[in-house]
Amino acid sequence: MATAPQIRAIEDYSLLDNRVQSDPYAFYELLHREQPVYQMPETGMYMVTKYESLRFVLTHPEIFSNDTNLAADKSLQGDDHVKYQSILEEKGWGHVQTLQRTDPPEHLRYRKLLDRVFTASRVKTLTPFVDDVSGELIDAFIDRGSCEFISEYAMPFPGIIIAEQLGLDRSEIRTFKKWGDAMLAMATKILDEEQLRATAAIELEAQHFLADMFEQRRAHPQDDLISALVHAHGDDMEPLTMHELQNLMHQLITGGFETTQSAVAHAVWLLVRQPELQDMLFEDPTKIKRFVEESLRWESPVQGLFRVTREDVELDGTMIPKGSFVIVRFGAANRDAEKFECPHKFDMERSNGGAHLAFGSGGHFCVGAMLARREMTTAIGDITRRMKNITLAKPMADPVHEPSLAFLPIAEMHLGFEKR
C-alpha cells in the first residue's frame, strides 16, 4: 500500500518541474502544513491547496472568476496569449468565454444547453453503446496477452464515445486527440515561438473542420450534440455565434478525451501497483464503484484549473490581490489530511471517499461527470472480468507523466496479462 511521501522544503519544489508535476504529493503535504495558499515564484500565481478553501473558491465566482481573460497578461503564457489569439482571429476564430470560462448569469445559458444532453437518462441510454465500445477494444488485443494500454484502450474508449455523441466519425479519433492536445497546450505548458505557431496551426485545422460540420448540421440536423448546439435557440436563447460554437466544442473535445483517458489509465495503473485488487474486483464487481471513486480521489485526472480574483481576498491567512491568477489544486485538496484520513493510502472503504473534488464543485461541477463515471465503471469491470495477472510489460517512463500544469497525462503504458 502507498506510504506517505518524503517531505523536503518548499524551495526544493517547482510546479513547473515535470518531476514535481508527475508526483506532487510530497509538495502538497508540505504546503498543507506550512503555506496552504502558495504564490508560485516562477509565475506569481497563487495556488490553493486545502479542501475547504477549494470549496470556497469554487462556490464564490463573484470573487474568484472563471473568466481568465480578466488577467490574461498574468497567465502562464503572458503576452504570448495575445499573440496566439491574434493568429486564431486572423485565420479562424479567437477564444471567447463560454461554459467553463464564464460566471453567472452568463454561465447558466451554456450550462442549461448542455444539461439537456448530459442527463442521467441519456447516460443510461448510452450504456449499451459504452459497453460495446469497451468490448470491441479489448477484443482487438485480448488474445495477444499484451497491449499498449493508452493508445489501444484508454484514449480510444472515451474518444469514440464523445466523437459519436458530437456527431464525428470515430475513425478520426486520433486526429481529434491531436486537436484536443493542441487546444490544451496554451493553458498547461510554456511554449516557445515555434511551438506556439505549430499549436495554433493545429487548432485552426480543427476550427475549419468544425465550421464545416456546423454548416452541415445547420442544413441537415441529426441526433447529435453538434446539431443540438447549432439549433439551440428559442424564446429564452439567442443562436450561438461561430465563436461560441467553436469554444464550446473546444471544451467538449478536450474534456471528452483528456480527463477520462487519464482517469481510466490511472485506475488501471493502480491495479498493476496493487495487484490484489484485480481478483478482488473480479470476485466482487459490486466494489467497482467504490474503487472508481477512490481512484479519482487518489490520483485526480484534473490536478488544477484557473480562476482570477475580482477583488482583494484573504484565504488561509494569505492576502490575494485583485486581478491575481489562482490555481485551484484539486489534486492537493483530495489529499488533504483534514478531510481524508490517511490521505496517501488508497482505501476503498473510507466513509467519505465520494466527497472528492475530482469533478469540481458548485455551478461548474463537471457536466460530463455521470458519463465519465459510467465509462470508468465499464472499463474497470470489463478489464478485471476478462484479464488477470495484469503487469507492466515495460517500465513506465521517468517521470511517468508528460509535462502539464493542469493534468496528469500518461503517454504510454505497456501491459502484459493473462486472459480469464
Side-chain angles (χ1 to χ4, degrees), residues 1-3 18-19 21-23 25 130-161 170 173-174 177 181 257-296 298-301 344-348 372 375-404 407-420:
M1 302 299 282
T3 57
N18 188 22
R19 290 189 175 276
Q21 293 172 354
S22 186
D23 186 9
Y25 302 108
V130 172
D131 293 344
D132 287 346
V133 172
S134 176
E136 290 169 10
L137 292 171
I138 294 176
D139 286 345
F141 60 74
I142 189 71
D143 291 328
R144 274 203 327 261
S146 65
C147 68
E148 195 295 291
F149 186 73
I150 305 301
S151 63
E152 295 189 70
Y153 188 94
M155 186 280 285
F157 178 46
I160 289 170
I161 293 166
R170 71 159 69 184
I173 58 166
R174 296 187 192 282
K177 178 63 167 65
D181 289 345
F257 273 98
E258 177 55 46
T259 53
T260 307
Q261 169 186 323
S262 180
V264 170
H266 282 91
V268 171
W269 187 33
L270 180 58
L271 293 177
V272 171
R273 288 173 288 172
Q274 300 191 24
E276 70 278 4
L277 296 173
Q278 298 176 29
D279 287 337
M280 177 192 298
L281 299 180
F282 170 72
E283 292 164 4
D284 188 357
T286 64
K287 294 182 177 180
I288 290 174
K289 288 186 177 181
R290 279 185 170 270
F291 171 85
V292 165
E293 294 303 320
E294 179 66 350
S295 69
L296 287 166
W298 203 54
E299 287 178 315
S300 305
H344 304 298
K345 177 182 178 182
F346 183 88
D347 180 7
M348 290 166 48
E375 291 170 340
M376 288 190 69
T377 301
T378 294
I380 299 305
D382 285 355
I383 288 163
T384 54
R385 178 174 56 83
R386 301 186 63 181
M387 301 157 62
K388 63 180 180 179
N389 297 327
I390 306 169
T391 60
L392 289 179
K394 177 181 176 181
M396 299 288 277
D398 182 22
V400 170
H401 304 95
E402 295 185 296
S404 176
F407 304 105
L408 284 177
I410 297 176
E412 288 188 343
M413 185 162 62
H414 296 268
L415 301 180
F417 54 85
E418 296 176 35
K419 181 179 178 181
R420 285 198 190 269

Nearest-0.5 Å distance that lies between atom [atom1] in [X] and atom [atom2] in [Y]:
X    : Y    : atom1 : atom2 : result
K289 : L281 : NZ    : CG    : 14.0 Å
F149 : Q261 : CZ    : CD    : 9.5 Å
D131 : E375 : CG    : CD    : 11.0 Å
E412 : E148 : CD    : CD    : 5.0 Å
E299 : I410 : CD    : CD1   : 7.5 Å
D181 : F407 : CG    : CZ    : 10.0 Å

Could you please spell out the steps behind the side-chain contact (heavy atoms from CB on, under 4.5 Å) verdict for M155 and I173? CA-CA 9 Å; M155 186 280 285; I173 58 166; 4.3 Å; yes

| What do the steps show when you test E258 against K177 for side-chain contact (heavy atoms from CB on, under 4.5 Å), and what is the final call? | CA-CA 8 Å; E258 177 55 46; K177 178 63 167 65; 4.2 Å; yes

Qualifying residues under side-chain hydrogen bond (donor to acceptor under 3.5 Å, both in side chains), relative to R290, sequence neighbours excluded |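 R290: no side-chain hydrogen bond (donor to acceptor under 3.5 Å, both in side chains) contacts found.
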
Listed partners of E283 passing side-chain hydrogen bond (donor to acceptor under 3.5 Å, both in side chains), at least two apart: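 If we apply the side-chain hydrogen bond (donor to acceptor under 3.5 Å, both in side chains) test to E283, skipping adjacent residues, there are no hits.
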
Looking at every non-hydrogen atom in both residues, tell me the closest pair between [X] and [Y] and how far apart they are.
X    : Y    : result
I138 : Y153 : CG1-CE1, 3.7 Å
A379 : V264 : CB-CG1, 4.1 Å
N18  : P399 : ND2-CG, 3.3 Å
S300 : L408 : O-CD1, 3.7 Å
S151 : R174 : O-NH2, 3.0 Å
F346 : S295 : CE1-N, 3.6 Å

- Message: Walk me through whether L137 and E152 qualify under side-chain contact (heavy atoms from CB on, under 4.5 Å).
- Response: CA-CA 7 Å; L137 292 171; E152 295 189 70; over 6 Å; no

Exercise for review: Return the set of residues passing salt bridge (Lys or Arg N to Asp or Glu O under 4.0 Å) with E294 (not counting sequence neighbours), or none when no residue passes.
Suggested key: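 For E294 the salt bridge (Lys or Arg N to Asp or Glu O under 4.0 Å) partners, ignoring immediate neighbours, are R297, R350.
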
### Task
Please state whether the rings of H401 and H266 are parallel, tilted or perpendicular, taking 30° and 60° as the class boundaries.
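Rings of H401 and H266: parallel, under 30°.
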
If you define the side chain from C-beta out and look only at heavy atoms, does anything of [X] sit under 4.5 Å from [Y]?
X    : Y    : answer
D347 : W298 : no
L296 : P301 : yes
T391 : L415 : no
R170 : V133 : yes
E136 : I160 : no

| Short N-O contact, K388 and D279, less than 4.0 angstrom | no

Q.
Between the side chains of D23 and R19, is the shortest nitrogen-to-carboxylate-oxygen separation below 4.0 Å, so that they form an ion pair?
A. no

side-chain contact (heavy atoms from CB on, under 4.5 Å), that's the test. Do M396 and W269 meet it? Break it down for me. CA-CA 10 Å; M396 299 288 277; W269 187 33; 3.9 Å; yes

Has Q278 got a side-chain atom pairing as donor or acceptor with L271's backbone, closer than 3.5 angstrom?
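At least one qualifying donor-acceptor pair exists.
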
